[in-house]
Amino acid sequence: MNSYDTATMQSPTRAQERGLEAHRLMLGDCQQRCATFPEVKSETHPNMTNDTQSPEMTDGFHLVIDALKLNDIDTIFGLPGIPVTDLCRMAQAEGMRVISFRHEQHAGNAAAAAGFLTQKPGICLTVSAPGFLNGLTALSNATVNCFPMILISGSSEREIVDLQQGDYEEMDQLAIAKPLCKAAFRVLHAEDIGVGIARAIRAAVSGRPGGVYLDLPAKLFAQTMTAEAGKKSLIKVIDPAPRQIPASDAVKRALDLLKGAKRPLILLGKGAAYAQADADIRALVEKTGIPYLPMSMAKGLLPDTHAQSAAAARSYVLAEADVVVLVGARLNWLLSHGKGKTWGQDKGAKQFIQIDISPTEIDSNVAIAAPLIGDIGSCVAALLAGMGDGWTKAPADWTGAIAERREKNLAKMAVTLALRPSPMNFHSALSVIRDQVKARPDAIVVNEGANTLDFARSIVDMYQPRKRLDVGTWGIMGIGMGFAVAAAVVTGKPVIAIEGDSAFGFSGMEVETICRYNLPICVVVFNNNGVYRGTDKNPSGSKDVAPTVFVKNARYDKLMEAFGGVGVNATTADELAKALAEAVASGKPTLINAVIDETAGTESGRIASLNPQSAVKK
Ligand SMILES: Cc1ncc(C[n+]2csc(CCOP(=O)(O)OP(=O)(O)O)c2C)c(N)n1
Ligand SMILES: [Mg+2]
């Protein structure tokens with residue numbers, strides 16, 4: 001059967017309007033009847049709304065909303081347009097929080113951050129083709145970072161798309177999304193919406209979390225069915241992320257290895273932060289006395305000021321450790337793949353205990369002596385139980401040697417942080433932010449840039465779990481405002497976004513979104529006039545500036561003022577401290593243009609070794 005129906009042939013909006021209109025009529029009819037005859041409510045069958053006893057109807061729009069709500073999903077990050085405009089409106093009308101962005105990538109990043117913070121899949125809603133593609137970067141990034149999110153995108157008509165007949169925003173979105181996320185589904189019939197959402201939720205949060213794509217063709221939204229059948233078709237997902245208990249022999253193998261360690265080290269990754277097993281992770285560190293290193297988004301799982309933190313002696317511990325316990329941390333480029341100079345290649349073989357939910361992560365870069373497969377909470381609990389009460393603490397000569405280096409490095413850093421150069425450099429500006437975060441440890445820090453990222457990560461101490469969101473596994477620019485909006489929306493806590501001026505540019509227009517929803521976000525733009533620094537020259541003599549250089553002395557604070565927020569131009573550490581304290585205390589959307597010495601940064605920040613250099617001298 002040719003399934004073009006007249007509604008589709010005309011235009012998707014007409015079809016949607018009819019669906020909405022039918023719903024309004026039913027709603028109005030019911031409200032009127034209930035007001036006039038209050039008793040009708042109790043007498044009438046719940047699925048019958050009028051005197052002719054025709055069954056109450058529902059449609060694709062409402063089934064999507066009902067399915068999300070049934071699964072305790074109460075927020076959508078998105079951007080309206082055909083065919084999801086009414087979905088946005090109706091979701092808001094039905095009590096969901098709908099946060100509408102200026103570009104889908106930032107809505108997607110917000111969904112990803114919400115997923116990381118809550119363990120529930122964040123929802124990003126986009127229009128077809130271009131909107132979908134804009135959201136796809138975030139979906140893919142979420143998958144790489146193991147953040148649970150669902151990108152729900154409207155799409156054009158299958159029959160036209162598959163014959164490539166040139167539909168409005170024609171694109172085979174499902175095929176494009178599939179290799180870039182953890183799972184991808186399409187729903188063609190309203191009665192399958194419940195299953196589609198259930199499958200998407202499970203795929204996003206179970207096992208290793210990730211991004212899921214859900215394709216909803218325009219025609220689906222106006223499809224109707226009886227409310228009763230619709231309700232029955234929905235699925236409340238039970239135990240969406242089941243615990244995965246590690247095998248007891250694997251626990252024993254890990255403990256046997258750890259017992260013999262002379263220079264043990266614990267490495268906490270963002271998987272450990274995601275797990276929300278904070279008390280047990282802290283107990284593991286403290287019971288064993290083992291020094292630990294947090295990856296950037298695991299900072300604050302234990303306060304960075306903790307006596308066992310080896311962050312200030314990082315190179316020493318990575319090179320010298322003999323047994324390393326990886327807790328939700330992958331041996332990817334961020335950890336130099338577990339080998340080479342960073343890991344003290346001349347100092348004998350290192351042995352790894354790796355806790356991960358995914359068995360295929362093991363041996364991905366180096367041999368893993370003791371894999372421990374399961375969810376992080378269950379694995380850490382099993383280790384603690386296996387240790388019992390008499391566990392011997394890490395050797396004092398090892399912890400003492402680390403403490404000595406740490407104190408020396410911290411003292412050196414304290415001197416640098418106390419300096420007040422003019423103009424500000426990264427250290428003096430970040431020392432002020434460091435003090436503010438210490439005063440408000442519940443504030444969430446969002447951080448991107450190159451130098452701005454690297455310096456902030458090491459200078460700004462975190463005190464509580466899941467308070468730091470940054471560029472993650474890919475080192476991607478553009479997460480800033482999306483992450484900041486999500487953090488403010490899902491936690492209600494103050495957010496401090498520490499942004500390189502280049503990094504900020506990727507999502508800068510979302511300051512309007514921040515103002516529109518009046519979110520307690522203070523953006524601090526580290527303005528050094530460019531990518532890495534503002535001093536590059538164009539060697540050709542033509543009038544274009546160098547590719548890494550921006551307009552000098554730009555006033556990013558004016559952007560925030562344009563939408564009614566507070567803008568401050570800070571040229572000294574004192575001005576920055578005052579403006580930041582006021583922003584955090586007031587909760588008013590604020591942007592501080594922090595003027596940084598344009599010569600202060602270095603090319604590529606701390607990953608210059610990854611930057612290919614030309615061998616040809618011209
Ligand atoms: C999506 C994306 N595009 C480009 C890059 C390359 N890149 C890395 S850092 C960076 C910007 C660094 O400049 P800025 O944010 O001003 O930080 P600064 O070093 O000046 O403090 C860029 C463009 C990236 N990581 N991600
Ligand atoms: Mg810069």
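Keep in mind that this is a model prediction, so the values were computed, not measured. As the structure lists them, so they are numbered: ligands from 1, and atoms in each ligand from 1.
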- Task: Please report the closest heavy-atom contact between Ser128 and Ile82, naming both atoms and the distance.
- Result: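 In this case the closest contact between Ser128 and Ile82 is OG-O, 3.9 Å.
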- Contact summary for Val471 and Leu453, nearest pair of heavy atoms: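 The pair with the smallest heavy-atom distance is CG2-CD2, 3.7 Å.
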What are the polar N/O contacts of ligand 1 with the protein below 3.5 Å, with distances?
| residue | atom | partner | partner atom | Å |
| --- | --- | --- | --- | --- |
| ligand 1 | 15 (O) | Ala503 | N | 2.9 |
| ligand 1 | 16 (O) | Asp501 | N | 3.3 |
| ligand 1 | 16 (O) | Asp501 | OD1 | 2.6 |
| ligand 1 | 16 (O) | Ser502 | N | 2.9 |
| ligand 1 | 16 (O) | Gly530 | O | 3.0 |
| ligand 1 | 17 (O) | Ala450 | N | 3.2 |
| ligand 1 | 19 (O) | Asn451 | N | 2.8 |
| ligand 1 | 19 (O) | Asn451 | ND2 | 2.9 |
| ligand 1 | 20 (O) | Asn528 | OD1 | 3.2 |
| ligand 1 | 20 (O) | Asn528 | ND2 | 3.0 |
| ligand 1 | 20 (O) | Gly530 | O | 3.1 |
| ligand 1 | 20 (O) | Tyr532 | N | 3.1 |
| ligand 1 | 21 (O) | Thr452 | N | 3.1 |
| ligand 1 | 21 (O) | Thr452 | OG1 | 2.6 |
| ligand 1 | 25 (N) | Gly475 | O | 2.9 |
| ligand 1 | 26 (N) | Met477 | N | 3.1 |

- Query: In the protein, how many N/O/S atoms are under 2.8 Å from the Mg ion (ligand 2)?
  - Reply: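 Counting protein N, O and S atoms closer than 2.8 Å to the Mg ion (ligand 2) gives 3.
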- Query: Got a salt bridge between Lys178 and Asp215, using NZ or NE/NH1/NH2 to carboxylate O under 4.0 Å?
  - Reply: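 Here Lys178 does not pair with Asp215 in a salt bridge, since their nearest N and O are not under 4.0 Å apart.
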- Query: Centre of Phe77's six-membered ring, under 6.0 Å away, within 45 degrees of the axis: is that where NZ or CZ of Arg97 sits?
  - Reply: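 Because its charged atom misses either the 6.0 Å distance or the 45° angle limit, Arg97 does not stack over Phe77.
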- Could you tell me how the ring of Phe504 sits relative to the ring of Tyr556: parallel (under 30°), tilted (30 to 60°) or perpendicular (over 60°)?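 Because their plane-to-plane angle is over 60°, the rings of Phe504 and Tyr556 count as perpendicular.
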- Query: Which word best sums up how the rings of Tyr292 and His306 line up, parallel for under 30°, tilted for 30 to 60°, or perpendicular for over 60°?
  - Reply: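 Tyr292 and His306: perpendicular rings.
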- Item | Aromatic contact, Phe116 with Phe483 (centres under 6.0 Å) |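 Distance test on ring centres: not under 6.0 Å, no.
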- Message: Is it true that, when you exclude Lys552 itself, more than 12 heavy atoms of the residues, nucleotides or ligands shown sit nearer than 6.0 Å to its NZ?
- Response: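 Atom NZ in Lys552 is crowded, with more than 12 foreign heavy atoms closer than 6.0 Å.
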- Query: Is it true that the side chains of Asn593 and Asn527 contain a donor and an acceptor less than 3.5 Å apart?
  - Reply: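 Side chains of Asn593 and Asn527: pair found under 3.5 Å.
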